[in-house]
Student: 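Just dropping this structure here.
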Amino acid sequence: MQHCTLMPELPEVEVVRRGLVSHLPGDTVQAVSVLHPRAIRRQIGGPRAFSTEISGARFHTVSRRGKYLWAVISPEPHRSYRALVMHLGMSGQLLLRSAQAAQHVHARVHLALAGDQDLWFIDQRTFGGLYVDDLVAATSADDEHLPASIAHIARDPLDPRFDDDAFSRSLRRRHSGIKRALLDQALISGIGNIYADEALWRSAVHYERSCAALRKGDVQELLTHVRDVMSAALDEGGTSFDALYVNVNGQSGYFDRSLDAYGRSGEPCSRCGALIVREAFMNRSSFRCPTCQRRPRSIG
DNA sequence: CAAGGCTCCTGATAGC
DNA sequence: TGCTATCAGGAGCCTT
């Protein structure tokens with residue numbers, strides 16, 4: 001078993017959202033313990049202000065934009081609606097546990113709730129974090145709201161209001177390789193290193209393929225593969241999700257993904273048999289089939 | 001304004 | 001045995 005298989009991308013975060021939405025609404029925060037100051041990020045006033053504001057807060061719906069989650073909280077008098085914003089980063093987990101549960105080594109924030117279970121934020125690498133932010137109208141035209149701090153995050157490809165044509169136009173105007181664009185949360189959200197590699201493998205496209213060289217049909221096909229690979233993971237997570245158990249959690253192996261490219265260097269491509277290679281890219285790894293996903297001629 | 005690189009962090013693992 | 005280097009990567013931030 002690998003030491004960390006979570007790496008939350010859209011499907012993982014969405015499963016966590018579903019767990020939260022089945023437990024949090026209606027519950028209230030009785031006490032707050034910030035166990036690691038770094039777990040409170042982008043918070044005006046820092047951990048102290050966070051604790052003050054979230055104490056006594058009552059939760060409403062839990063929403064998601066890309067890899068960000070937020071729980072709407074009742075406003076104080078004469079204030080706009082606010083939200084508890086949560087990001088899992090690389091290794092974050094949100095656990096609902098009884099108050100008596102032993103404290104996890106990497107517990108960063110503890111919210112004691114009035115209900116049966118408390119909310120714990122666990123995060124080994126502390127790339128994730130929580131904060132409270134204003135909710136603002138997403139567009140001037142409707143009643144959709146999202147935290148002001150994530151207004152720049154694009155819709156995800158499973159969002160019914162994701163605009164395929166607009167995405168295609170924006171993407172093809174980019175002067176960069178396709179994978180860099182897929183990882184840009186301001187262009188399309190929810191995709192991380194794993195699903196980017198998987199979708200590119202399914203599309204038989206090299207990660208350095210120029211965005212501008214893609215035809216509209218190529219983009220549409222890529223979107224289809226992104227959606228397929230994410231939906232499959234979401235189904236898997238959804239079916240193994242047990243609301244009666246803990247769990248809004250990201251246990252290791254929770255998603256037993258069947259991956260075709262990511263992490264499979266040295267193993268045969270399940271389409272052609274060539275050995276999958278790992279290459280350094282953007283301070284991370286890229287996995288591809290050297291035969292199915294040939295390097296563009298224009299790239300060294 | 002966009003592209004692209006740097007940096008934060010902890011723990012497992014490999015190599016000497 | 002014990003040290004050091006490497007790797008894992010989301011996303012804000014900064015430079016070009």
Side-chain angles (χ1 to χ4, degrees), chain A residues 1-14 16 34-44 46-47 64-70 85-94 104-109 121-131 133 146-154 156 167 169-200 207-213 230 250 252-253 255 257 259 261-266 277-287 298-300:
Chain A
M1 183 67 68
Q2 297 172 45
H3 71 278
C4 178
T5 56
L6 181 57
M7 290 188 226
E9 302 184 29
L10 183 151
E12 292 77 16
V13 178
E14 173 59 19
V16 171
V34 176
L35 308 167
H36 192 309
R38 216 184 124 79
I40 306 302
R41 13 184 94 233
R42 306 171 76 174
Q43 175 76 50
I44 297 176
R64 181 183 59 75
R65 172 64 72 95
K67 303 170 195 170
Y68 281 91
L69 292 166
W70 69 93
V85 186
M86 300 163 274
H87 198 291
L88 302 177
M90 267 295 295
S91 53
Q93 302 172 48
L94 288 162
H104 193 285
V105 197
H106 299 120
R108 306 305 189 196
V109 182
F121 179 63
I122 316 289
D123 192 10
Q124 182 212 101
R125 293 182 203 172
T126 67
F127 274 24
L130 316 181
Y131 58 98
D133 194 13
L146 73 168
S149 55
I150 62 169
H152 63 291
I153 303 292
D156 69 67
F167 170 72
R169 286 192 298 273
S170 300
L171 180 71
R172 291 154 70 205
R173 278 199 296 268
R174 293 255 163 157
H175 298 275
S176 75
I178 181 60
K179 183 170 176 181
R180 181 177 294 276
L182 290 178
L183 294 175
D184 184 347
Q185 306 297 301
L187 180 67
I188 181 171
S189 71
I191 304 176
N193 205 36
I194 296 175
Y195 295 113
D197 278 5
E198 290 302 298
L200 289 170
Y207 58 84
E208 288 278 28
R209 175 84 70 82
S210 159
C211 292
M230 281 185 166
S252 198
F255 291 91
R257 300 187 191 83
L259 301 176
Y262 183 86
R264 294 196 63 231
S265 54
V277 297
R278 183 185 80 83
E279 292 162 332
F281 174 72
M282 283 179 74
N283 276 338
R284 44 177 64 70
S285 291
S286 253
F287 297 89
S298 56
I299 306 292

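For the numbers below, each heavy atom of this structure counts, side chains included, while hydrogens, waters and symmetry mates do not. First the proteins, then the strands, lettered A, B, ... as listed; each starts at 1. The shown structure was predicted, so the numbers you read here are calculated from the model rather than taken from an experiment.
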Student: In whole angstrom, give the distance that lies between atom CD of A:Q124 and atom C1' of C:dC7.
Tutor: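 Value for this atom pair: 13 Å.
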
Student: Expressed in angstrom and rounded to an integer, what is the separation of A:R108 atom CZ from B:dC8 atom P?
Tutor: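 In whole Å, B:dC8 P and A:R108 CZ are 17 Å from each other.
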
Student: A:E9 side chain: which of B:dC6, C:dG10, B:dT10 is closest?
Tutor: C:dG10

Student: State which of C:dG10, B:dT10, B:dA3 makes the closest approach to the side chain of A:R125.
Tutor: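 Of the candidates, B:dT10 comes closest.
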
Student: The side chain of A:M90 is closest to which nucleotide in this list: C:dA8, B:dA3, C:dG12?
Tutor: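 So the side chain of A:M90 is nearest to C:dA8.
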
Student: Looking at A:T126, I'd like to know whether one of its side-chain N or O atoms comes within less than 4.0 Å of OP1 or OP2 on B:dC8.
Tutor: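 Checking A:T126 against B:dC8: no side-chain N or O falls below 4.0 Å of OP1 or OP2.
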
Student: Tell me if the side-chain of A:R180 makes a donor-acceptor pair with the base of B:dA3, cut-off 3.5 Å, by modelled atom types.
Tutor: no

Student: Does OP1 or OP2 of C:dG12 have a side-chain N or O of A:Y68 closer than 4.0 Å?
Tutor: yes

Student: In whole Å, what is the span from the OH atom of A:Y262 to the C1' atom of C:dG10?
Tutor: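 A:Y262 atom OH is separated from C:dG10 atom C1' by 12 Å.
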
Student: Whole angstroms only, please: what is the CD-P distance between A:E279 and C:dA8?
Tutor: 13 Å

Student: Return yes if a side-chain donor-acceptor contact under 3.5 Å exists between A:S149 and A:Y131, otherwise no.
Tutor: yes

Student: Please classify the nucleic acid contact of A:N283 as base, sugar-phosphate, or nothing, using heavy-atom distances under 4.0 Å.
Tutor: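 Contact class for A:N283: base.
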
Student: Would you indicate, yes or no, if C:dG12 has its OP1 or OP2 atom less than 4.0 angstrom from a side-chain nitrogen or oxygen of A:H152?
Tutor: yes

Student: Rounded to whole angstroms, how far apart are NZ on A:K179 and C1' on B:dG4?
Tutor: 15 Å

Student: Counting heavy atoms from C-beta on, name the nucleotide in B:dT10, C:dG12, C:dC7 closest to the side chain of A:R42.
Tutor: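 Per side-chain heavy atoms of A:R42, the pick is C:dG12.
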
Student: May I have the distance from A:R174 (atom CZ) to B:dA2 (atom P), rounded to whole angstrom?
Tutor: 8 Å

Student: Taking for each residue the nucleotide of DNA chain B with the nearest heavy atom, is it A:H36 or A:M282 whose nucleotide lies nearer the 5' end?
Tutor: A:M282

Student: May I have the distance from A:I194 (atom CD1) to C:dA8 (atom C1'), rounded to whole angstrom?
Tutor: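 Computing the A:I194:CD1 to C:dA8:C1' distance gives 10 Å.
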
Student: Does a donor on one side chain sit under 3.5 Å from an acceptor on the other, for A:Y207 and A:E279?
Tutor: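 Note: A:Y207 and A:E279 side chains meet the donor-acceptor criterion.
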
Student: Please test A:M230 against A:D156 for side chain to side chain contact (heavy atoms under 4.5 Å, CB included), starting from the C-alpha separation and ending with a verdict.
Tutor: CA-CA 11 Å; A:M230 281 185 166; A:D156 69 67; over 6 Å; no

Student: From C-beta outward on A:N193, which listed nucleotide comes closest to its side chain: C:dG10, B:dG11, B:dC8?
Tutor: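 In terms of side-chain proximity for A:N193, the closest of C:dG10, B:dG11, B:dC8 is C:dG10.
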
Student: Expressed in angstrom and rounded to an integer, what is the separation of A:L171 atom CG from B:dA2 atom P?
Tutor: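 So the two atoms are 14 Å apart, to the nearest Å.
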
Student: Ignoring hydrogens and angles, state whether a donor on the side chain of A:R125 or A:S91 is under 3.5 Å from an acceptor on the partner side chain.
Tutor: no

Student: Apply side chain to side chain contact (heavy atoms under 4.5 Å, CB included) to the pair A:R42 and A:V85, showing each step before the final yes or no.
Tutor: CA-CA 10 Å; A:R42 306 171 76 174; A:V85 186; over 6 Å; no

Student: Of all the choices, B:dA3, B:dT7, B:dC9, which nucleotide is nearest to the side chain of A:R38 once you look at every atom?
Tutor: B:dC9

